[in-house]
Chemist: 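Dropping the structure in here first, questions after.
Letters go in sequence order (proteins before strands), and every chain restarts at 1.
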Amino acid sequence: MPAPRTLYDKIWDDHVAHEAEDGTCRLYIDRHLVHEVTSPQAFEGLRIAGRNVRAPDKTIAVPDHNVPTTAGREDPAQMPEDSRIQVEALDKNAKEFGIHYYPVTDIRQGIVHIVGPEQGWTLPGMTVVCGDSHTATHGAFGALAHGIGTSEVEHVLATQTLIQKKSKNMKVEITGKLRPGVTAKDITLSVIGETGTAGGTGYVIEYCGEAIRDLSMEGRMTVCNMAIEGGARAGLIAPDEKTFEYVKGRPHAPKGAQWEAALAYWKTLYSDDDAHWDKVVTIRGEDIAPVVTWGTSPEDVLPITSEVPAPESFDGGKVGAAERSLDYMGLTPGQKLTDIKIDTVFIGSCTNGRIEDLRAAAEVVKGKKIGVKRAMVVPGSGLVRAQAEEEGLADIFKDAGFEWRMAGCSMCLAMNPDQLAPEERCASTSNRNFEGRQGFKGRTHLMSPAMAAAAAITGHLTDVREMM
Amino acid sequence: MEKFTKLTGVAAPMPLVNIDTDMIIPKQFLKTIKRTGLGANLFDEMRFDRDGNEIEDFVLNKPAYRDAQIIVAGDNFGCGSSREHAPWALLDFGVRCVISTSFADIFYNNCFKNGILPIVVSPEDHAKLMDDAERGSNAVLTVDLESQTITGPDGGEVAFEVDAFKKHCLLNGLDDIGLTMESAAPSIEAFEAKASVERPWV
């Protein structure tokens, strides 16, 4: 009998192309996703060394971080010069090296982590990398997916492998059922609240349990997306019928006899009963409430029914960090979270820019008007945008006073002009609440799309359950 | 990549925990298509006010630490994004070594690709080194990668662990890609041949 293995062990074993005596491995990469911000230096490196892209058919590029999300953006004059140079560099590199490419003029363009699954590039059991930490998103398919730096992007382009040492195995089990108003975002934020932003460092997380199984593929992507905020190299979920159903028929999914062969392989992708876990975290689904972040680290998570904590309630270095956070966020200990006024609402990002997220937000917004200065919905891809228009969601948002944007990363990292002003406070469905993340001195509260929609209507942080 | 063998330099204390990549190099500076020139904006929003004036009490603006080559940082340094602009900015500023109790995974790997040595030490050793770093003009540490030791201004020594392969690459300034192509090319080809039979849909 072979030793029992985790899902991560199995994918790892199937991708070691070379193992040196000291245990350093060259892990073969099945899909390499590329965007405009972390790739120009890598392509330049190839050019200088006279190297080619080893597997252009496994390499997919799309501009997303920098692109404007306003109408008429196909006109390069709409972009600031430095952004335009980056996007043009990607255009040129994609063409020159012969890789798959979705330019801004293509309806399939969008956030790289939404486009990959949507087009069927991401499949169970694959290794997927991208020069972006939220590559963990693709783990929802039972793929081993993680972010890499630009030197590693160049390494993968040139060799289709990555130099790696194996991580440890961590199991995060969410048992039972979620209560009404609680979503995938609340799960993933609650896990980080529990383990801290370094709790996953050195691990690959497998999320499992009834509450995870019950999630749609969109929800699973939201959960895995934020594995990185918990410090983990990757997060993954074993594929099941929902996964296969989602993948089937996508443009780059296998067809015919290959589909049957792939399916047979994919059905072997689960953690064996007696597999070894280096760390286990269990949370009861029933105990998870709709949550928001109050500070400037994704671990600063509390149920919406709570109050702003006092720095003294923490230990060690976290006391100073909490003081700094509260000062930055302009909050006072003891203040009720639901009393916090919101200026801006951002719904979108690779965490929550998929159709299901827009449906959840639209359900709350329907027939109401926004009570904030500015609210925007930025769909994760051109196709999500088109589908939302077809389903009438776009009209619900527009009637309520939301801006209805083109696809891109937008205010999640605010590289394009979608930014907060100093001290402007935002209810955001994105993934990071770091200082300055959404704009210089901007204040970010992370939450689910339904919670962000609720805040957009009332003008303050709100328990969405009261609006259901 | 520049070799890293032995470094003697000023160590700046940054005890804040969870110093993230947005703090190290804010996103507006990621629009470059070069690897160099980012040092001017290292820790930009902590280092300068909106008008571009230096914020006096930020550590790297203090006379004793302006030429720091080492940072002793709080827990979980480099968390956040995969942007290699973070180590590029540190390197361009002149920082070749960061010491903390823990690092975010991607940042940690990115350092080694750029000739920067990230060192993980125990909380006890960290407290000692933070204390050393707080001595202003006397905050000089010597980091010896070969012997895997850090020597403080009083001569006290702290030993550290580092992966043997990463150490070898840093000591010799080796280029990963060249190394992979030399040592692993036949294995990669064999892997591709086998995988195309076993998983032809990939």
Chemist: Is the NZ atom of Lys165(A) crowded by more than 12 outside heavy atoms at less than 6.0 Å?
Modeler: yes
Chemist: Just grab all the ring pair (Phe, Tyr, Trp, His ring centres under 6.0 Å) pairs involving residues 92-119 of chain B, residues at least two apart or on different chains.
Modeler: Phe77(B)-Phe107(B), Phe103(B)-Tyr108(B), Tyr108(B)-Phe112(B)
Chemist: Leu16(B) versus chain A, heavy atoms under 4.5 Å apart: side chain, backbone, both or neither?
Modeler: side chain
Chemist: Can you check whether Ser151(A)'s main-chain N or O pairs, donor with acceptor, with Glu84(B)'s side chain at less than 3.5 Å?
Modeler: yes
Chemist: In terms of heavy-atom proximity below 4.5 Å to chain B, should Ala42(A) be classed as side chain, backbone, both, or neither?
Modeler: backbone
Chemist: Is chain B contacted by the side chain of Thr201(A), its backbone, both, or neither, given a heavy-atom distance below 4.5 Å?
Modeler: side chain
Chemist: Is it the case that the side chain of Arg26(A) and the backbone of Ser183(B) share a donor-acceptor pair, with hydrogens and angles ignored and the cut-off at 3.5 Å?
Modeler: no
Chemist: Run the side-chain contact (heavy atoms from CB on, under 4.5 Å) test on Ile116(B) and Phe4(B) for me, step by step, so that the C-alpha distance in whole Å, both residues' side-chain angles and the decisive distance to 0.1 Å come before the verdict.
Modeler: CA-CA 7 Å; Ile116(B) 296 175; Phe4(B) 187 109; over 6 Å; no
Chemist: Is Ser297(A) in contact with chain B via its backbone, its side chain, both, or neither, using a 4.5 Å heavy-atom distance?
Modeler: side chain
Chemist: Given a strict heavy-atom distance threshold of 4.5 Å, which part of Lys34(B) is in contact with chain A: side chain, backbone, both, or neither?
Modeler: backbone
Chemist: For chain A, which residues from residues 164-171 of chain B lie under 4.5 Å away (heavy-atom distances)?
Modeler: Phe165(B)
Chemist: Answer yes if the side chains of Thr151(B) and Thr142(B) hold a donor-acceptor pair under 3.5 Å, and no otherwise.
Modeler: no
Chemist: Check Glu45(B) with Lys441(A), please: is the shortest side-chain N to carboxylate O separation under 4.0 Å?
Modeler: no
Chemist: What part of Asn18(B) is in contact with chain A, defined as an atom under 4.5 angstrom from a non-hydrogen atom: side chain, backbone, both or neither?
Modeler: side chain
Chemist: So which residues of residues 186-202 of chain B are in contact with chain A at a heavy-atom cut-off of under 4.5 Å?
Modeler: Ser187(B), Ile188(B), Glu189(B), Phe191(B), Glu192(B), Arg199(B), Pro200(B), Trp201(B), Val202(B)
Chemist: Short question: side chain of Thr161(A), backbone of Tyr28(A) - any donor-acceptor pair under 3.5 Å?
Modeler: no
Chemist: Hey, which residues of residues 118-127 of chain B are touching chain A, say heavy atoms under 4.5 Å apart?
Modeler: none
